[in-house]
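Scroll down for the structure; my scribbles are underneath it.
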2 protein chains.
Amino acid sequence: MTGPLETGPTGGAPPAAAPFDAELIAVVAAVTARMPRVLTLETGRSLPSGPFESAHRSLQSGVRSWVERQTHHPLGHIEQLYTFADRDRLENSGPRRVISVSYLALTLESRMDPDPGVGWWSWYRYFPWEDHRQGPPPVLGPILDALERWASHGATAAERRMRRGRCRHAFRVEGHGWNEEWVLQRYELLYEASLIAEARRRNRDAANGGDPLRTGEAMVQDHRRILATAIARLRAKIKYRPVVFELLPPSFTYLELQQAVEAIAGLKLHKQNFRRLMIQQKLVEPTGTIESRTGGRPARRYRFRRDVLMEQAPGGSRLPQERGGRRI
Amino acid sequence: MTGPLETGPTGGAPPAAAPFDAELIAVVAAVTARMPRVLTLETGRSLPSGPFESAHRSLQSGVRSWVERQTHHPLGHIEQLYTFADRDRLENSGPRRVISVSYLALTLESRMDPDPGVGWWSWYRYFPWEDHRQGPPPVLGPILDALERWASHGATAAERRMRRGRCRHAFRVEGHGWNEEWVLQRYELLYEASLIAEARRRNRDAANGGDPLRTGEAMVQDHRRILATAIARLRAKIKYRPVVFELLPPSFTYLELQQAVEAIAGLKLHKQNFRRLMIQQKLVEPTGTIESRTGGRPARRYRFRRDVLMEQAPGGSRLPQERGGRRI
DNA sequence: CCCACTTATACTCATAATGAGCATTACATG
DNA sequence: CATGTAATGCTCATTATGAGTATAAGTGGG
C-alpha cells in the first residue's frame, strides 16, 4: 500500500512500485553429540531457501514447505529472524531486487538418510572462534593479531582509535570479558577487516597480505551472516525463554540439558549451580526413570513441563517494581 | 534466489516466482508529558508507511525517507520489528501480494507544526487496558467480563478450558500478576474474541451482543497490531538495553528518566530503588547543573554516558557461569 | 522568619539470587 | 574391595532486590 497521504486510508490502487522477489531462508538448528548444528545444502555451502510463493499462506508456512521439500526434515519451533534487502547484498542477482526473510527453527536432528548434499554441520565449522567450552580457541590469537594489524592500518588516527575500540568491544580481550552473545558484531568486524572469505570474494582483494587465516568455512551469498544472526539470537534467547527443550528429546538428564546449553552458548557452566537453577525455575519434572549409562552414579531423567509455557513470567525484570513482586 | 537444489549455488536466473509489493511501516515512538506517543497520519488512523522502492539503498533508509517525507520528522535510533505477509492480512489489497516490513524508531517529539493529519497520539488511546500506572484501568473489568463470556461460548469443553487458560495467562487476573510485556498476546486475544473494532470490521459481525466495549481507537488495516508488536518489543527491551535515553533530551533528572520508563512500561516504579539501579549501572553521569522547577528540593541533572554502549555487558544472564563473573 | 508542603537524596534491613566450592552417594570396573 | 566417575546435596560469602524510614533543600503563605 502507498503512504496514506497520497492515496487515502483504505489503499486504493496499488502503487506503481517496482515489484520484488521474495525469498525465504531457514536456519534449522539442532544439537547432537555435544555440537550445535545447522541443516545445510550443497555440502555445507548454503542454507535451505526458496522463493516465497503466492501459494504460501504465510511466510512461516512457506519456510516449512521449502525446508521439507529440500531436506525432508519437518520443523517444530520456528521464529522469524530478520529481513534483508540491502541493494548490494547478493552478488549475481537477477534484474529484480530480492527481499530475504530469514527464520530460525529448532529441532531434533533426524537420523534419516539425507538427500545428497544435505547435512548437519557444526556451527563452529563456520565460526571457529565462537567455541569457548575448552577455553579460548586457538584461532583467536591469530585473529586478534590480524585485527590489530587491520586497526593499525586505518587512514586517520581517529579511525585507528575507532577500530581498536570496536575490536576490544567485540572480543573483550583484556580481563576475560568474552561475551558469547556478540556473534554478529564479531563476524561483521572480521568481514570488514577482510578476514572472512566472503568479504575477500566480494572485494576481489586479499587484504592483510593475502594470508588466508583459518576463519571458518565460507557459505554462499550472505548465508553465513544469517547464520551468525541466528546464533546470536539463540544464545540470547536461551537465557530468558525455555527454548533449549526444543532441541532435546522428550526426556533427558540434567547433564544432557546442560551440555545442550553449553553447546549453544559455547561456554562451560558450573554444574551444581546449573542444577540449582533448573530446580528453582521448576521448568522440568522427573520422569521417574533412571539413566545408568553415565559412567558414574546413574542420573535421573527429566521431562520439560510444557505447561510452564503458559504460566511463565518473562525474563528477569531490570525494573524496581512498585507493589508486591511479580517476577515469577 | 531459488533453492540451491534446483539452480545451483550461485543463483543463476531468478525464479519464475510471483513478484510482490514491498511496503515499509514505521512505529515512531516518543515520550512527552508523561505519555508514550506514536507518530500517526490521518488523525491517528494510520502509521507512516510507503512502498519500498528500488531507489532505496536499504530497508532502513527507505523507512527514514518515507517518514521524513510524510511527517517531516527525522529519525534517530531505528530497528527492525517484524515482517508481515499473511495472505489475508489486508482488506482491500490490489492484485499483488504485499510484504510489509515494520520498523520501530525512537525519537524526541518534534515541536514543529505538523502537516494536516500528522500528529502524536498516546499509545493508551489504542490500548487503554495497558496503562497501569494508576492501578488497573477501569476498562479492564468490562474487558475481563466480556472475555469470560467469550470463553464460555466455546464450542467444546476443551475449547472453553483453553480459552479461559489463555485469558488467565494474558491478563493474569488472580494475584496481581500483570505482565506488562504481553501486549501482543492481549491484543490478539481481544481480536479473536471480536472485542476489537478491526476484528468486527473484518468479520462484519458484532459478536458479544454488539456492545461496543471501549477497547481503544481503531487503525487502518493491521496497523494497531503492528503498534502492539512495537510496544511489546520496547517494553521488553527497555529492561536490558539502555534505549530509554533515545527518548529523552540530552540532560534530564532521575524523575524525568523514571517517568519515561514508567510511561513505556505502563507501571509505577519504586523511586528510591530506581535511583539505586541507575547508580549501580553507571549509565548516567551528573551534568553539574541543577533543575529547580521541581516543586520540591531541586534535582541534579544527568546525561547518558554514551560510551557505555561500547562497554555494556548484555542483559542479565540466566546462566550459572564457570570462571569468574562477567555480568557487568 | 517560621510554616507546611513537595520532591530529592541518603540509608537501613530483611530476603532472595548468584558464584564458588566441598562433601557424599551410587553406580561400573578390575 | 579399591578406584574412578558422575550425580546429587549442602554450605557460605557476596550481591541484588523489595520495601521502607529518615533527612535535605527548595517552594509559597502567613
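Naming convention: chains lettered A, B, ... in sequence-line order (proteins, then strands); numbering from 1 in each chain. Just the heavy atoms: all of them, side chains too, but no hydrogens, waters or symmetry mates, feed the values below.
- Stretches of at least 3 consecutive Watson-Crick or G-U wobble pairs, with each checked distance under 3.5 Å, appear in DNA chain C as C:1-30 with D:1-30.
- With hydrogens and angles ignored, a donor-acceptor pair under 3.5 angstrom links the side chain of B:Gln272 to the base of D:dT21.
- Each of A:Gly295 and A:Ile279 was assigned the nucleotide of DNA chain D with the nearest heavy atom; the assignment lying further toward the 5' end belongs to A:Gly295.
- B:Trp120 pairs with exactly one of B:Thr40, B:Val28, B:Val38 by the side chain to side chain contact (heavy atoms under 4.5 Å, CB included) rule, that one being B:Val28.
- The minimum heavy-atom distance between B:Arg235 and B:Tyr124, with the atom names listed, is NH2-OH, 2.9 Å.
- Here B:Lys271 does not reach the OP1 or OP2 of C:dT7: none of its side-chain N or O atoms lies under 4.0 Å away.
- Side-chain atoms of A:Arg297 and base atoms of D:dG4 include no donor and acceptor less than 3.5 Å apart.
- Taking only side-chain atoms of B:Asn273, from C-beta outward, the nucleotide of C:dG21, C:dA8, D:dG18 with the closest atom is D:dG18.
- Residues B:His77 and B:Glu79 have side chains that bring a donor and an acceptor to within less than 3.5 angstrom of each other.
- Residues B:Glu291 and B:Thr253 bring no donor and acceptor atom of their side chains to less than 3.5 Å of each other.
- At a cut-off of 3.5 angstrom, counting only N and O atoms as typed in the model, there is a donor on one side and an acceptor on the other between the side-chain of A:Arg276 and the base of C:dG19.
- Residues A:Gln280 and B:Tyr302 each lie close to DNA chain C; by heavy-atom proximity, the contact nearer the 5' end of the strand is made by B:Tyr302.
- Side-chain nitrogen and oxygen atoms of B:Arg300 include at least one within less than 4.0 Å of the OP1 or OP2 phosphate oxygen of C:dT9.
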